[in-house]
Amino acid sequence: MEQKSAMKKQGWEIEAIGITYKISTKKREHPFKIFTKKQEINQEPKQQVTNLEEASLGARHVLKDVYCKAKPWEILAIVGPSGAGKSSLLEVLAGKLTPQSGSIFVNQNPINKAQFKKASGYVTQKDTLFPLLTVEETLMFSAKLRLRLPQDQLSSEVKFLMHELGLDHVAMTRVGDDRVRGISGGERRRVSIGVDVIHDPEVLILDEPTSGLDSTSALQIIDMLKLMAETRGRTIILSIHQPGFRIVKLFNSVLLMANGSVLHHGTVDQLGVNLRTMGMQLPLHANVVEFALESIDTVQQQRKVLQQETQPQLLSSSTTKSRQKKVEVGESRSGKFTLQQLFQQSKVVDEESIDFGFDFPLGFANSRLQETLILTHRFSKNIFRTKELFACRTIQMLISGLVLGSIFYNLKDDLTGAEERGSAWSTCLGNAWLVQKICLEKKDMERMVSGGMW
Ligand SMILES: Nc1ncnc2c1ncn2[C@@H]1O[C@H](COP(=O)(O)OP(=O)(O)OP(=O)(O)O)[C@@H](O)[C@H]1O
């Protein structure tokens with residue numbers, strides 16, 4: 001018990017070692033291959049794939065031997081140009097992507113994916129919220145799905161969270177979206193964060209929480225996250241594009257990435273020192289992160305030169321050696337695996353991982369029946385929200401049903417009749433307004449299932 005509370009106080013330190021993630025870029029066969037067949041016959045016969053390098057053709061490295069560490073009470077910001085691999089790394093850390101190799105440790109213990117999903121929150125780049133629900137209702141449904149508490153306690157949790165997120169003044173306002181007028185973009189981002197922090201996660205992973213926001217709203221969000229880290233010992237990992245000067249000051253450490261590799265991992269001050277060591281002239285009062293992003297090509301070139309200068313003799317086996325070294329680090333810290341075991345495993349430790357004694361329950365907050373009832377309640381609220389619109393849609397559906405019914409009336413029981421029945425079905429489904437609503441539910445369900453809420 002004492003150990004548990006000590007761990008809770010200590011917070012969660014996340015360490016990712018040697019993360020490599022590749023995607024297949026093999027071209028799919030042309031669906032109408034018949035048209036390209038002739039061309040292929042005239043071509044030179046393809047050379048046989050003989051070596052490993054050629055075999056890996058068609059695979060693209062999204063993450064290359066990435067190392068990163070995020071500490072509790074701190075914010076780790078992942079920065080880099082578009083396509084650097086920031087989102088992919090966050091997805092790996094959140095347990096949504098499984099890399100081909102690498103290990104993730106929580107407080108120096110191999111990660112338990114299922115437990116981690118429950119104890120962490122992952123906020124995606126895109127808001128998946130129900131536009132017709134109010135802010136309070138949105139957070140309440142998330143609370144009902146995540147927490148096993150009586151109604152009055154749920155209400156006070158939601159009220160407390162809204163206060164923390166600075167959403168009190170819009171509690172009764174609809175969330176809205178591009179079509180339905182609702183709260184502002186910054187407030188919507190805060191609601192999205194609220195949906196994923198209602199269960200008070202130890203680790204919060206956010207993919208571009210400030211995207212599309214003006215500098216003041218962006219600063220407000222990072223300020224709020226900083227408060228969460230500093231007052232509750234949470235570990236915050238986020239990706240961000242072009243952070244402003246005042247935002248950069250709130251980061252405890254920065255992970256600078258380009259082309260799937262880490263160029264810098266440390267404080268902003270260390271980044272400035274490294275840039276100067278590389279011979280770059282930082283303008284006075286410059287935003288170091290912005291400067292590094294603007295001169296990313298030079299940083300990459302300098303890094304390559306430095307690597308070649310410091311380890312010329314190791315070039316042929318540098319990747320293997322560095323991985324070996326990192327695995328050694330993992331082994332010595334965790335003390336649970338031998339070097340050989342980890343090296344052979346060479347993938348995220350998952351099923352065999354150790355339950356490291358945190359008090360996040362593995363079960364679900366509700367039974368299946370309760371979950372179904374909560375979701376049905378939300379679905380019906382969403383549908384009946386605008387009664388006039390609902391009435392219009394119902395009449396519209398009845399009329400289109402009658403029209404379609406008259407077109408496809410009296411179908412025969414032969415092949416033509418079967419074809420016509422098929423097209424009747426697809427026309428009906430294509431027009432169904434309910435299908436759109438179900439699609440929104442589906443997106444939200446995917447998010448909840450992958451977040452371990454179900
Ligand atoms: N499923 C996929 N299929 C094809 N390419 C992918 C896939 N996932 C990632 N990539 C590629 O991997 C690279 C890294 O993608 P990622 O989304 O992680 O970058 P990012 O740094 O988050 O970019 P951005 O800042 O633009 O969101 C990109 O070049 C992207 O095109």
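Counting convention: from 1, in listed order, for ligands and their atoms alike. We're numbering straight along the sequence, starting at 1.
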J.: Does H285 have its ring centroid less than 6.0 Å away from the ring centroid of F245?
T.: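 Not under 6.0 Å, so no.
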J.: Might you point out which heavy atoms bring L147 and E157 nearest each other, and give the distance in Å?
T.: CD1-CG, 4.5 Å
J.: Grab the two heavy atoms, one from L256 and one from I296, that are nearest each other, plus how far apart they are.
T.: CD1-CD1, 3.8 Å
J.: Heavy-atom cut-off of under 4.0 Å around ligand 1: list whichever protein residues fall inside it, by chain and number.
T.: I23, R60, V62, P81, S82, G83, A84, G85, K86, S87, S88, E208, H241
J.: Any side-chain donor paired with an acceptor under 3.5 Å for S239 and D207?
T.: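 Indeed, the side chains of S239 and D207 share at least one donor-acceptor pair under 3.5 Å.
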J.: Between E164 and R232, does any side-chain N to carboxylate O distance fall below 4.0 Å?
T.: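 Between R232 and E164 there is a salt bridge, with a charged N closer than 4.0 Å to a carboxylate O.
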J.: Step by step, would you call E13 with Q108 a side-chain contact (heavy atoms from CB on, under 4.5 Å)?
T.: CA-CA 8 Å; E13 181 187 271; Q108 298 158 13; 4.2 Å; yes
